[in-house]
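Note: hydrogens, waters and symmetry copies are ignored here, and every other heavy atom, side chains too, is used. Each chain gets a letter, A, B and so on, in the order its sequence line appears, and its residues count up from 1.
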2 protein chains.
Amino acid sequence: MINSVVFYQTMNDKSETEKKIFEAARDVFHRRGFDGARMQEIADKAKINKALLHYYYRSKDKLFEAVFREALKRIGPIMFEALDREVPLEKKLKMFVSNYIDLVTKHPFIPGFIMHEMHTNKTRFKTFLKENKHGIIKLNKLKSQLKEGIDKGQYKNVSVEQLIINVFSLCAFPFAARPVFQTVLDIDDAGYRKVLEERKKLIPEIILMSLKK
Amino acid sequence: MINSVVFYQTMNDKSETEKKIFEAARDVFHRRGFDGARMQEIADKAKINKALLHYYYRSKDKLFEAVFREALKRIGPIMFEALDREVPLEKKLKMFVSNYIDLVTKHPFIPGFIMHEMHTNKTRFKTFLKENKHGIIKLNKLKSQLKEGIDKGQYKNVSVEQLIINVFSLCAFPFAARPVFQTVLDIDDAGYRKVLEERKKLIPEIILMSLKK
DNA sequence: GTCTATAACCTGATAGAC
DNA sequence: GTCTATCAGGTTATAGAC
C-alpha cells in the first residue's frame with residue numbers, strides 16, 4: 001500500500017504518453033540493464049517512435065535515472081521503514097517477508113536490476129540512495145528490540161547488520177538467482193512459484209530460530 | 001583445490017599472450033557484464049591491441065563464452081559436488097560455506113555475473129550448465145541424509161530444494177549485493193570483510209538451527 | 001506532440017603491412 | 001604473432017516537417 005501511494009504521486013501529473021514510455025522503459029531496463037537496453041525496444045514497446053523518448057526524457061541516461069529512482073522508491077520504504085516500526089519483532093518479520101515477496105513477485109527483476117546497476121555504477125547509486133532519505137538507515141527501533149531480547153537472555157548475541165543481511169538474502173536471492181535455481185534444481189515455473197510462496201512462512205521461522213537461544 | 005586443478009588444466013596449453021587476454025577479459029566481463037564490456041578495455045588491460053583479441057578469440061561472443069564457462073567450472077564443483085559428498089551433514093555444511101566464501105572472496109563478481117548473464121540470456125546458460133555435467137544436479141546423498149534425519153525425528157520436514165536455496169542465498173547474496181549493504185548499513189571495506197568472515201561460522205549455525213526440531 | 005530522416009558517434013571486426 | 005588503419009553496422013540523439 002505504501003508503494004501504490006508512491007507510484008500514484010509520481011505518475012499523477014504525467015501524460016498518458018509519458019506513462020506508456022515510462023512503463024516500457026521500466027520493463028526494458030529491468031530486464032536488460034542499462035547497457036543491454038535499447039531505446040528502439042522501449043519505443044516499440046510503448047508503441048511510439050524513438051524521437052518521442054527524447055522529447056519526454058532528453059536522453060537514455062535521464063530515462064534510466066527515472067526508472068532507477070522509482071525502483072528505489074518502491075523497494076526502499078518496504079525494506080527499511082517496515083523493519084523499523086513499533087511492532088513486536090516476530091510479527092514485524094512475518095509482515096515484512098510476506099510484503100517483500102508479494103512486491104517482488106509483481107516486479108521480479110528489481111533485486112537483480114538494482115544489484116547489477118550498483119556494481120557497474122556505484123556512485124550513481126549512492127547519490128540516489130542518500131537523497132532518497134533511506135540512504136544510511138538507522139534501524140533504531142529494530143536495534144533496541146534486538147538488544148532488549150539479548151539482554152533478557154532471550155536472543156543470541158547477533159549484530160543487527162548480520163540480521164538484516166540474513167533476512168534480505170533469504171528473501172531477495174531466490175528472485176535474483178531464479179533462473180539458476182530453476183535450472184539446477186529442475187523446477188518448472190509453477191513449482192518455483194510454490195517454492196516462493198512457501199518461503200513466506202519458512203523465512204521468519206528460520207530467522208527466529210536462529211535468534212533464539 | 002578443486003578449482004586450481006580446473007584452472008591449471010584449462011590454461012595449461014595457452015600462450016602467455018592468450019593468458020593475459022583471458023585474464024583481462026575475465027576481469028572486464030565479470031565487472032561490467034557482456035553488454036557493458038568493451039573490447040577496447042580488455043585490450044588495454046591486457047596491454048595489447050584489439051586486433052589481437054580477435055586473432056585469439058575470433059569474436060566478443062567467443063571470448064565471453066570462454067569466461068562464462070570458466071566461471072561455471074569454478075563455481076560448479078564447489079557448489080554441487082561438495083554438497084553431495086559422503087560426509088556428515090553438519091561437517092559438510094561448515095566446509096562448504098567456508099570454501100564458498102573463500103572462493104568468492106577471490107572472485108567477488110562471480111555470483112552477480114552469473115546471475116545477470118542468466119537473466120539476460122537463459123538459453124546460453126542452460127546449454128553450458130547441462131554440458132558441464134552439473135546441469136541438473138542429483139544431490140542423492142544430501143537427500144538421503146536429510147531424509148534420514150527427518151525419519152529419525154531429528155530434523156524438520158524441509159525439502160532439499162529449500163535447503164539448497166537457503167544455503168546459497170545466505171552465502172552468495174552478501175557478495176552480489178555487497179554495494180547495497182555497504183551503503184545502506186554504512187559499513188566500510190574492512191568492516192564488510194569482517195562481516196563476511198563471521199558468516200563462515202554464522203551460516204552453518206543458522207542452517208542447522210533451522211533444521212533441528 | 002508526434003512523426004521521418006539523418007547526423008554524429010561508438011564498437012566489433014577485418015585487411016594488410018611487418 | 002603483433003601492429004595500424006579502416007570498414008560496416010548499429011545506437012543515441014537531433015533537425016525539421018506536420
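The Met39(B) side chain lies nearest to dA13(C) when the options are dG1(D), dC3(D), dA13(C). Between dA15(C), dG12(C), dT2(C), one nucleotide has an atom nearer to the side chain of Ala51(B) than all others, and that is dA15(C). Between dT12(D), dG1(D), dG12(C), one nucleotide has an atom nearer to the side chain of Tyr55(B) than all others, and that is dG1(D). The side chain of Leu52(A) lies closest to dC3(C) when the candidates are dG12(C), dC3(C), dT4(D).
Taking atom CZ of residue Arg58(B) and atom P of nucleotide dG1(D), one finds them 17 Å apart after rounding to whole Å. In this structure, Ile42(B) places its CD1 atom 12 Å from P of dT11(C), rounding to the nearest Å. In this entry the distance linking CZ of Phe64(A) with C1' of dT11(D) reads 17 Å, nearest Å. Between the CZ atom of Arg32(B) and the P atom of dG12(C) there is a distance of 12 Å, rounded to whole Å. Per the geometry, CD1 belonging to Ile21(B) stands 10 Å off C1' belonging to dG1(D), to the nearest Å. Per the geometry, CG belonging to Asp61(B) stands 15 Å off C1' belonging to dG9(D), to the nearest Å. The separation between Leu53(A) atom CG and dT11(D) atom C1' is 13 Å, rounded to whole Å. The CG-C1' distance, from Asp44(B) to dT11(C), rounds to 13 Å in whole Å.
Taking only side-chain nitrogens and oxygens, Tyr56(B) comes nearer than 4.0 Å to OP1 or OP2 of dT2(D). Look at His54(B) and you'll find a side-chain N or O under 4.0 angstrom from OP1 or OP2 of dA13(C). At the phosphate of dG12(C), neither OP1 nor OP2 sits under 4.0 Å from any side-chain N or O atom of Ser59(B). A close approach under 4.0 Å does not occur between any side-chain nitrogen or oxygen of Arg38(A) and OP1 or OP2 of dG10(D). OP1 or OP2 of dC3(C) lies within a sub-4.0 Å distance of a side-chain N or O belonging to Asn49(A). Phosphate proximity of dA13(C) to Tyr57(B): absent, as no side-chain N or O sits under 4.0 Å from OP1 or OP2.
Within the nucleic acid shown, Ala37(B) comes within 4.0 Å of sugar-phosphate atoms alone, with no base atom in reach, counting heavy atoms only. Note on Ile48(B): only backbone sugar-phosphate atoms sit closer than 4.0 angstrom, heavy atoms only; bases stay farther off.
Distance alone, capped at 3.5 Å, is enough to place a donor-acceptor pair between the Lys92(B) side chain and the Leu83(B) backbone. Put simply, the side chain of Glu117(B) never gets that close to the backbone of Gly33(B): no donor and acceptor are under 3.5 Å apart. Listed for the Ser98(B) side chain is no donor-acceptor partner under 3.5 Å among the backbone atoms of Met95(B). Without hydrogens or angle criteria, Glu23(A) side chain to Ala46(A) main chain gives no donor-acceptor distance under 3.5 Å.
Mapping Lys50(B) and Thr17(B) onto DNA chain D via the closest heavy atom, the residue that lands nearer the 5' end is Thr17(B).
The closest side-chain donor-acceptor pair between Gln162(B) and Asn166(B), if any, does not fall under 3.5 angstrom.
For the atom pair NZ (Lys47(A)) and NZ (Lys45(A)), the distance works out to 11.0 Å, reported to the nearest 0.5 Å.
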